[in-house]
Amino acid sequence: MSDLIFAGGTVVTAEGSFPADVAVSGETIEAVGVDLPRDGAEVVDCSGARVMPGFIDGHTHMDMPFGGTMTADDWDTGTAAALAGGTTMLVDFSLQDVDGTLGEAVETWQGKAEKARIDYGLHVAITNLTEEVKQELPSLPDLGVATVKIFMAYKGTPLYTADEDLFEAMQIARECGLLVLVHAENGDAIAKLQEQALARGDTEPRWHGLTRPEAVEAEATNRAIRLAEIAGCPLLVVHVSCAPALQAIEQAHARGQTVYGETCGQYFVFSDADLARPGFEGAKYVCSPPLRDPSNRPALWHGLQAGDLQIFGSDHCSFNYAGQKDLGADDFTLIPNGLPGVEERPYVLWTHGVREGRITENLFVAALSTNQARVHGMAGRKGTLAPGADADVVVWDPDLTITATQANRHSNVDYTPYEGMTFTGGPAAVYVRGELAYRDGEVIAEPGSGRYVHRTFAQPAPGPAVR
Ligand SMILES: [Zn+2]
């Protein structure tokens with residue numbers, strides 16, 4: 001017998017859209033079908049709305065140290081913001097301490113995540129591939145970790161990883177069933193360009209973008225892909241921001257190599273012109289890879305349409321303008337990298353993707369939810385409205401219109417880069433495992449109600465490339 005029925009809406013999955021009810025029993029979906037029996041269940045009237053699987057954001061940074069400071073959002077405020085966009089699960093990055101183990105990183109982040117209002121998984125970012133860490137990698141799947149991240153950028157910080165370690169990590173990952181994620185930018189070239197810019201006295205925020213040209217991303221993307229080809233492992237290139245980097249992925253697909261690609265909302269609504277805003281305003285738009293010339297956008301849309309880019313993340317990494325971004329007031333290299341966006345991610349994709357006719361609502365669900373679950377290792381349980389899956393449900397109002405201001409955002413940041421931007425389409429109500437978590441602008445789920453999700457990377461079968 002069901003407890004809850006989402007009735008009278010249009011069910012939208014990655015495969016298709018159709019009028020149906022969705023029945024929930026306890027924490028799981030019991031049935032999807034026409035005119036399901038009510039039997040005293042609580043009925044949620046979804047007429048005029050789309051009923052979708054809860055969105056998953058495979059790329060966030062909550063309560064994370066960076067550049068001598070901590071992100072503004074912790075797991076309480078960050079997951080409140082996520083819910084306000086319809087996101088019911090995050091996969092966040094636990095960071096290996098340079099002298100620490102991977103297990104310690106997972107434990108530290110599980111402690112931080114005790115305040116989560118939604119379900120979550122954890123990637124592990126490898127910062128120091130010691131002999132001990134090489135021995136430890138095969139134990140990650142037992143901890144429910146399916147993914148490891150390697151940074152090719154940020155030379156001069158512990159995040160930076162040289163090719164020999166990246167390559168060896170790929171070989172080990174292949175053996176123990178982990179998916180490797182890369183931040184692909186050429187850290188050596190960036191460090192040199194930054195040094196030369198500062199020596200010339202070029203210290204303003206716009207130099208952040210000018211010292212990270214598209215080619216440094218394209219080069220590193222291609223290099224990571226070729227190293228993965230040699231190691232024989234699949235790869236996920238995160239935050240693909242420009243056409244030349246996407247081209248490297250398209251070429252890999254043409255060769256038959258399994259490479260997944262993520263792009264992010266900020267690259268579709270902001271540009272290098274925002275980095276060049278007068279005064280120090282550009283610091284509000286500093287993230288890496290940097291915001292690009294808008295001429296890249298048609299290629300990124302095509303990447304999503306063609307399946308060369310499968311997932312749409314936020315890379316939510318928030319820092320206050322006052323007291324954090326201004327650490328770089330005299331030197332752009334000291335501006336903490338990152339933008340808030342976990343709340344806006346679905347609004348951006350619906351407004352500019354679905355409403356403007358670039359993608360279908362089914363691709364919207366695939367990029368925000370179903371493909372996220374598949375790539376990040378929780379397919380079947382998350383990212384679908386099928387019987388037996390967790391009852392994470394978004395009741396989406398395609399006509400809901402909101403203009404973003406710092407005051408109506410749910411994250412804990414003193415500005416929003418989306419200030420004054422109007423979106424149409426948003427969540428009317430959000431349920432996490434059958435519990436009402438958000439409704440009409442109000443976050444209802446309590447901190448601590450989220451649960452850790454044990455993920456398993458599904459190694460693609462030998463044969464044609466999997467996208
Ligand atoms: Zn990131």
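Atoms within a ligand are numbered from 1 in the order they appear, just like the ligands themselves.
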Heteroatom N/O/S of His61 within less than 2.8 Å of the Zn ion (ligand 1): yes
His183 near the Zn ion (ligand 1): N/O/S under 2.8 Å: no
Note: Asp392-Arg433 ion pair, threshold 4.0 Å (strictly below): no
Aromatic ring proximity, centroids under 6.0 angstrom, Phe151 and Tyr160: no
Validation row, ring centre Phe364 to ring centre Phe55 under 6.0 Å: yes
Check against salt bridge (Lys or Arg N to Asp or Glu O under 4.0 Å), Glu185 and Arg212: CA-CA 8 Å; Glu185 286 185 297; Arg212 309 176 94 95; 2.8 Å; yes
Name of whichever N/O/S atom of Asp315 is nearest to the Zn ion (ligand 1): OD1
